[in-house]
Protein chains: 2
Amino acid sequence: MSSTRAEASTGTQAVDRAAALVETVVHADAPLSFADLQAASGLAKSTTSRMLAALERGGLLERDAGGSYVAGSLFWLYAARHDPWEELVRLARPALERIGEETSESVHLSVARGDKVVQVAQVDSRYLLGTRDWTEIDVPAHTSALGKVFYAWQALPVPAGPLAALTENTITDPALLVRDGQRARQRGWAVTDGELEIGLSGVAVPVHGARGDVVAALGISGPTTRLEDRLEELGKNLSSHATQLSTLLRGSAPKEGVA
Amino acid sequence: MSSTRAEASTGTQAVDRAAALVETVVHADAPLSFADLQAASGLAKSTTSRMLAALERGGLLERDAGGSYVAGSLFWLYAARHDPWEELVRLARPALERIGEETSESVHLSVARGDKVVQVAQVDSRYLLGTRDWTEIDVPAHTSALGKVFYAWQALPVPAGPLAALTENTITDPALLVRDGQRARQRGWAVTDGELEIGLSGVAVPVHGARGDVVAALGISGPTTRLEDRLEELGKNLSSHATQLSTLLRGSAPKEGVA
DNA sequence: CCGTCCTGTTCCATGTTGTGGAACGCTGGT
DNA sequence: ACCAGCGTTCCACAACATGGAACAGGACGG
């Protein structure tokens, strides 16, 4: 009856249903009541009850103080052992590569760590002349499009004092940086033009996490001569990929496995 | 046959077995082959195969390039959404509170983040005179017992250049810091005495993660006058709690739920 | 204070669904 | 080409999960 996914193979509905329950709980990162889960699964109360009990026993689910279900100890054990960016990168990698193919330029993924901006993944340009790998290299946030994203979307506070000038184009006045951020938000993407290195341009957009907060920035960089006339195209391209990534972070569950 | 846990209730063996498979995979954070899992579970090949397929479908498991099983998308989704320290703190909180009750002093939990040491949780002293909340406050690592733990157990490299002197007691020579660390390792705990602030002492021990690496430091701080004669007692107390915490991190799976 | 409603758990007969042995593909080794 | 793992699919059997109904706790509300 009902509908669910109709994916079932044979001889596995118990496990399939159980997995669906766990998936429901993990997706909704808020605690879910028994009733919620019962409704969401469409199973009989008795079945739901037995399954939840089994899942709890197995450490996949857990009950909070109010008796609602949340992800169990296996999940936090996993989380405690693994770097969260590792997961982000994993989720994002395919997107980065597609963008790389579409634009032929270097693609970057950055996160805010404390009050700094750190690159966590990069796909290299196809051109000989391109941005080199700067994963884990410290670049002042106000000089790269990636960094500006965090300022523009207020994931990082704009520094108070005057900022270091790396080139004649670098924005050193915090007030101007704020204005720059406002424009970026309106446009949907942040840009940089020779503010880090003369001749180096970049475009970047925010990646929103499950709760709408900015968790990362996705960007492209390359020689100004190749980018300056394509900023809009690139920005839109990045935006669409970022949206998909956000959806992934929100929902996960790759529709199809590998080929 | 076999043995497993004999925990089963009724009408849930499929889910129980499936959960056991997931648990096995998550605990061994290395990829496990089909054969490993089949052996570990003691199930028939066919059953194992069907279950693994179902779990994979449900996003609880996933196959790496070599076809071995690793934790699935639900796990990394969870990890990507949750701060790993959140989990660490969650696991550690009860221990911190117990130590606080036993010693009446301020208790701290720190982790190494990049090359810095950050406090992630604290329980306040019961005395009026005590260490105030320094969660997220930057304290030079070489001046606190917490920080010294990371140097001593080589979770962080000892800086090369001379170190900032905050008081007349501060160790500024890296070589001396290394020697200090060696003593700490032999003893089992690191101490600081007026090296951060005159009159402020601290004791701290490492918390080992699943693979034996130092993931955090657990420490006590307070006025030297109250601590100096109890260093050994405090160090031993901390050690025993840290060991328990390590076990938690290694195994997880709280034997009993709540009361 | 007792009834009522809503929670979730336990019981039980039913037959659907999971089970494991064996047969079957696949891949890689020699 | 043949053989030796390795994993999936097939199949008849019955064990196990299933869901309706009865049951046990609370939480309200009159």
Side-chain angles (χ1 to χ4, degrees), chain A residues 1-22 24-25 28 30-58 60-70 72 256-259, chain B residues 1-22 24-25 28 30-58 60-70 72 256-259:
Chain A
M1 313 281 160
S2 63
S3 64
T4 47
R5 296 287 167 71
E7 282 262 28
S9 296
T10 93
T12 2
Q13 44 126 276
V15 181
D16 282 327
R17 288 168 167 186
L21 283 173
V22 175
T24 306
V25 171
L32 291 181
S33 71
F34 179 96
D36 292 334
L37 286 168
Q38 208 257 56
S41 66
L43 301 175
K45 271 199 301 181
S46 51
T47 307
T48 311
S49 177
R50 252 177 295 117
M51 285 207 153
L52 291 176
L55 291 171
E56 194 179 349
R57 217 178 308 135
L60 286 168
L61 294 182
E62 205 161 85
R63 319 191 65 155
D64 66 6
S68 289
Y69 288 89
V70 296
E256 297 286 338
V258 208
Chain B
M1 316 270 160
S2 63
S3 61
T4 47
R5 297 288 165 74
E7 281 263 29
S9 296
T10 88
T12 2
Q13 47 128 276
V15 182
D16 282 326
R17 287 168 166 186
L21 284 173
V22 176
T24 305
V25 171
L32 291 181
S33 71
F34 179 96
D36 292 333
L37 286 168
Q38 207 257 52
S41 66
L43 301 175
K45 271 199 301 181
S46 50
T47 307
T48 310
S49 176
R50 251 177 297 116
M51 285 207 153
L52 290 176
L55 291 171
E56 193 178 350
R57 218 177 309 134
L60 285 168
L61 293 182
E62 206 161 85
R63 319 191 65 154
D64 67 5
S68 289
Y69 289 89
V70 295
E256 297 286 339
V258 207

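Atom set for the values below is all heavy atoms of this structure, side chains included, hydrogens, waters and symmetry mates excluded. Letters A, B, ... are given to chains in the order of the sequence lines, protein chains preceding strands, and every chain is numbered from 1.
Here D:dC16 presents its C1' atom at 11 Å from CE of A:Met51, a figure rounded to the nearest Å. Remark: P of C:dG8 and CG of A:Leu21 are 13 Å apart, rounded to the nearest angstrom. Rounded to an integer number of Å, the gap from CD of B:Glu56 to C1' of D:dG7 is 13 Å. Distance B:Leu43 CG to D:dT8 P: 14 Å, rounded to the nearest Å. Rounded to whole Å, atom P of C:dT7 lies 15 Å from atom CG of A:Leu32. Nucleotide D:dT8 holds its C1' atom 13 Å from the CD atom of B:Gln38, rounded to whole Å. As a whole-Å value, the separation of B:Asp16 CG from C:dT19 C1' is 16 Å. With rounding to whole Å, A:Leu37 atom CG is found 16 Å from C:dT9 atom C1'.
Residues B:Ala19 and A:Gly58 approach most closely at CB-CA, 3.9 Å, considering heavy atoms. Between A:Ala14 and B:Ala14, the shortest heavy-atom distance links the atoms CB-CB, 4.1 Å. Nearest heavy atoms, B:Leu43 versus B:Met51: CD1-SD, 4.3 Å. Taking each heavy atom of A:Val25 and A:Tyr69 in turn, the nearest pair found is CG1-O, 3.9 Å. Pairing each heavy atom of A:Glu62 with each of A:Glu56, the nearest pair is CA-CG, 4.4 Å. Annotation for B:Ala18 and B:Leu55: closest pair O-CD1, 3.8 Å, computed over non-hydrogen atoms.
Look at A:Ser49 and you'll find a side-chain N or O under 4.0 angstrom from OP1 or OP2 of C:dT9.
Taking the C1' atoms of five terminal pairs at each end of the helix from C:dC1-D:dG30 to C:dT30-D:dA1, the two resulting helix axes are inclined by 40°, rounded to 10°.
At distances below 3.5 Å, at least one donor-acceptor pair connects side-chain atoms of A:Ser41 with backbone N or O atoms of A:Leu37.
A:Thr48 places none of its side-chain heavy atoms less than 4.5 Å from the side chain of A:Lys45.
Within the 4.0 angstrom heavy-atom criterion, no nucleotide atom of any strand lies near A:Ala53.
Expressed to the nearest 0.5 Å, how far CG of B:Leu60 lies from CG of B:Leu52 amounts to 11.5 Å. The distance from the CZ atom of A:Arg57 to the OG1 atom of B:Thr12 is 5.0 Å, given to the nearest 0.5 Å.
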Protein-to-nucleotide contact annotation, 5' to 3' order, nucleotides 21-28 of chain C [B base; S sugar-phosphate only; - none; under 4.0 Å, heavy atom] = B-------
So which protein N/O to nucleotides 13-17 of chain C N/O distances come out below 3.5 Å?
residue	atom	partner	partner atom	Å
C:dT17	OP1	A:Gln13	NE2	2.6
C:dT17	O5'	A:Gln13	NE2	3.3

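Residues A:Thr48 and B:Leu52 each lie close to DNA chain D; by heavy-atom proximity, the contact nearer the 5' end of the strand is made by B:Leu52.
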